[in-house]
Structures are given as C-alpha cells and as structure tokens.
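What's counted below: heavy atoms across the whole structure, side chains too, no hydrogens, waters or symmetry copies.
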Amino acid sequence: MNFFIIGGTEKAGTTSLYEYFTNHPQIASSHKKETDYFRGDNCNLDNYLKCFNTKVDDEQTYMEASPGYLGLSGTVADEIKRVVPDAKLVFMVRDPINRLRSSYLFHRSKLYIPEDMDINAYVKFCLYYENGLIKLEDTPFTNPWFLNVLQAGSYKKHFEKYTEQFPDNIQIINFEYFCKNTHEIVVSIANFLNIDAKYFDNYEYFTANKTFQSNNHFVHKISMFFNNKLEPILRKRPNLKRKIVDLYQKFNTVDKIEGGDYSEESIALLKEFYAKDVTWL
C-alpha cells in the first residue's frame, strides 16, 4: 500500500499538482484535497483510509494534499511516520515573502481577513502575535490560523524535522521552477512514485485555485458553501470545475484586491524574519 502526500506550502501550486494526479489510473485521491488528517488526534491507518475515493487496494497510491502539514512539522511529521512510515512526500515551496502576500490575497478573497485590513497591518498583527506581544482577543480574528501564517514560510526548521523522519522519501519543489517547467516536474514526481509517467505525455496543464476578489460578498459566501459541498465531485472533473469558475468570475469579480502591496518597512521586517529560510531555499 503506497501513500503520496503533498505537504505544502500554502499558495505554492499544491492544488494544481493535486489535480494533475487526481485522475491518474494508479492514484486514489482523497475525497477532499485537504484532509488535514494528521493535524488531528488519535490518527490510525483504518480511519485514514476512509479519506479516500476507493476501496482498499494495495496496488493503488493514495494521494492527498494538505499544505498545513509543513508549518506544523513538530507534530505532523511524527504522526505521518507512525501511521504511514513509507509515505512519499512532496513539498511545494516558494519565496516566503511572496508566499505570504499570496496567502493574504487568497484569505482576503475568501473573506477570512477583514476587507479594511491592508497587508502591512496584517504583517504587523502576525509579527506581534508570533512574538507574543498580543493575544488572539487583541485582533479582529477568532481563529489563530490566520495569525500563524508566518510559520508556513519558516522552511529550514520544518524540513529538518521532515528529513529526520523521511530521509529518502521527500521531494522539495520550488514553485517558480514548477511554473516554468511543469511537465518536467510532474514526470519526475510520477517516477518518484513509481507510477506510469506516460499518462502525462499529452496532458493539458492548467492553473487551479487562482485567487480573485469577489464583487458581491453575499453571492461569494453562497458559492463557497456549494463549492465545499461539491468538492468530491468537482475534484474528479477539473475541466468542468474550470468552466464553472470561469463563468462565475465573469459576473462576480473585481480587477484588483486593494491594499495588497508591501511597504518598504514590511519588506524589511519580513526579510529579517525569513533570513535563514531564504538562505536555505
């Protein structure tokens, strides 16, 4: 029994990579892209297998993509090793400062970040929270996830944990290189998984999960609700999903999300925070 886990990071092409492999005949994809199974307690193999779209088959490779696994390496790496010790892991990474901006824009588009909070205010909230200078109740957020996003780009310490547990079963892919050399990377991953790479010989690649800002927030909330409910169906039909998204964007999107440009102060603060990680990357 084989397992393929796309472990992160957020906004680095994990959705596209997941969808490229979803319909491969040797892949059994998860019901939802992000199972986040190993972020929970009492993980075990029987319950993990319930996350997937097929009956148990030793010939299949079971695939999921949970970007949150990277930033939670302290607990997740141990759980993965305990439950599926021979899993193969692929991590998509990108420049951490660019990744943070993309994360901000994405969460703004999902209405998780207040519309009147620009990226520079957001960076300060995250840095203050990271350094213990403020508590969750001192912020506009009710979920600490949106204040812990800096950790997702702290690559060095997280990969030290994963390579300790999976020294021979990890591929690390640079997002910028992936965008320019998609077929090469996908074939290399197929070979890494020991599945048929010829499936991708005439494959039509696409970009999944593009960030866009809605014009009508009420309609957007309804659309996100139905998107979540229909995810198991739409993930298996990426062409249909792209057509629906393209149609939706024609009547409920704006050209640009305002407030998404870094100030020089924010860039300086983030360069200091990520200095070791940029050098490592």
- Message: Would Phe3 and Leu89 count as a side chain to side chain contact (heavy atoms under 4.5 Å, CB included) here? Give the steps.
- Response: CA-CA 8 Å; Phe3 292 90; Leu89 295 87; over 6 Å; no
What residues, two or more places apart in sequence or in another chain, satisfy side chain to side chain contact (heavy atoms under 4.5 Å, CB included) together with [X]?
{"X": "Phe175", "result": "Ala12, Arg94, Cys179"}
{"X": "Cys51", "result": "Thr35, Tyr37, Tyr48"}
{"X": "Ile195", "result": "Phe21, His24, Gln26, Ile27, Thr61, Ala190, Leu193"}
{"X": "Ile267", "result": "Tyr262, Lys271"}

Spacing of [X] atom [atom1] and [Y] atom [atom2] [to the nearest 0.5 Å]:
{"X": "Leu270", "Y": "Leu127", "atom1": "CG", "atom2": "CG", "result": "6.0 Å"}
{"X": "Lys11", "Y": "Asn98", "atom1": "NZ", "atom2": "CG", "result": "13.0 Å"}
{"X": "Phe178", "Y": "Met92", "atom1": "CZ", "atom2": "CE", "result": "4.0 Å"}
{"X": "Ser29", "Y": "Glu64", "atom1": "OG", "atom2": "CD", "result": "11.0 Å"}
{"X": "Phe200", "Y": "Ile189", "atom1": "CZ", "atom2": "CD1", "result": "8.5 Å"}
{"X": "Ser103", "Y": "Arg101", "atom1": "OG", "atom2": "CZ", "result": "12.0 Å"}

On a heavy-atom basis, which atom in [X] and which in [Y] lie closest, and how many Å separate them?
{"X": "Tyr203", "Y": "Tyr20", "result": "OH-CA, 3.3 Å"}
{"X": "Val123", "Y": "Leu100", "result": "CG2-CD2, 4.2 Å"}
{"X": "Val84", "Y": "Leu45", "result": "CG1-CD1, 4.0 Å"}
{"X": "Ile80", "Y": "Ala87", "result": "CG2-CB, 4.3 Å"}
{"X": "Pro96", "Y": "Gly153", "result": "CB-O, 3.8 Å"}
{"X": "Trp145", "Y": "Glu10", "result": "NE1-OE2, 4.4 Å"}

- Message: Does any part of the side chain of Ser30, heavy atoms only, come nearer than 4.5 Å to the side chain of Tyr62, both counted from C-beta?
- Response: no
Any residue meeting side chain to side chain donor-acceptor pair (under 3.5 Å) with [X], in chain and number order, not counting sequence neighbours:
{"X": "Asn174", "result": "none"}
{"X": "Thr163", "result": "none"}
{"X": "Glu160", "result": "Lys156"}
{"X": "Asn47", "result": "Lys50"}

- Query: Side chains of Ser263 and Glu265: do they bring a donor and an acceptor to under 3.5 Å?
  - Reply: no
- State plainly whether one hydrophobic cluster holds both Val187 and Ile172, where clusters connect Ile, Leu, Val, Met, Phe, Trp and Tyr through side-chain heavy atoms under 4.5 angstrom apart. no
- Query: Just by distance, do the side chain of Ser66 and the backbone of Gly68 share a donor-acceptor pair under 3.5 Å?
  - Reply: no
- Query: Is a donor on one side and an acceptor on the other found under 3.5 Å between the side chain of Asp277 and the backbone of Asp95?
  - Reply: no
Applying side-chain hydrogen bond (donor to acceptor under 3.5 Å, both in side chains) as the test, list every pair that has at least one member in [range]; sequence neighbours left out.
{"range": "residues 128-142", "answer": "Glu130-Gln151"}
{"range": "residues 76-89", "answer": "Asp78-Lys161, Asp78-Gln165, Glu79-Arg82"}
{"range": "residues 179-190", "answer": "Tyr177-Glu184, His183-Tyr205"}

- Task: Just do the side chain to side chain contact (heavy atoms under 4.5 Å, CB included) check on Ile134 and Leu147 with the steps written out, would you?
- Result: CA-CA 11 Å; Ile134 57 173; Leu147 294 167; 5.6 Å; no
- Query: According to the ring pair (Phe, Tyr, Trp, His ring centres under 6.0 Å) rule, which pairs have a member within residues 152-173, sequence neighbours left out?
  - Reply: Phe91-Phe159, Phe91-Tyr162, Phe159-Trp280
- Look at the rings of Tyr104 and Tyr122 and say which category their plane angle falls in: under 30° parallel, 30 to 60° tilted, over 60° perpendicular. tilted
- Query: Looking at Tyr18, is Lys33 sitting on its ring face, NZ or CZ under 6.0 Å from the six-membered ring centre and within 45 degrees of the normal?
  - Reply: no
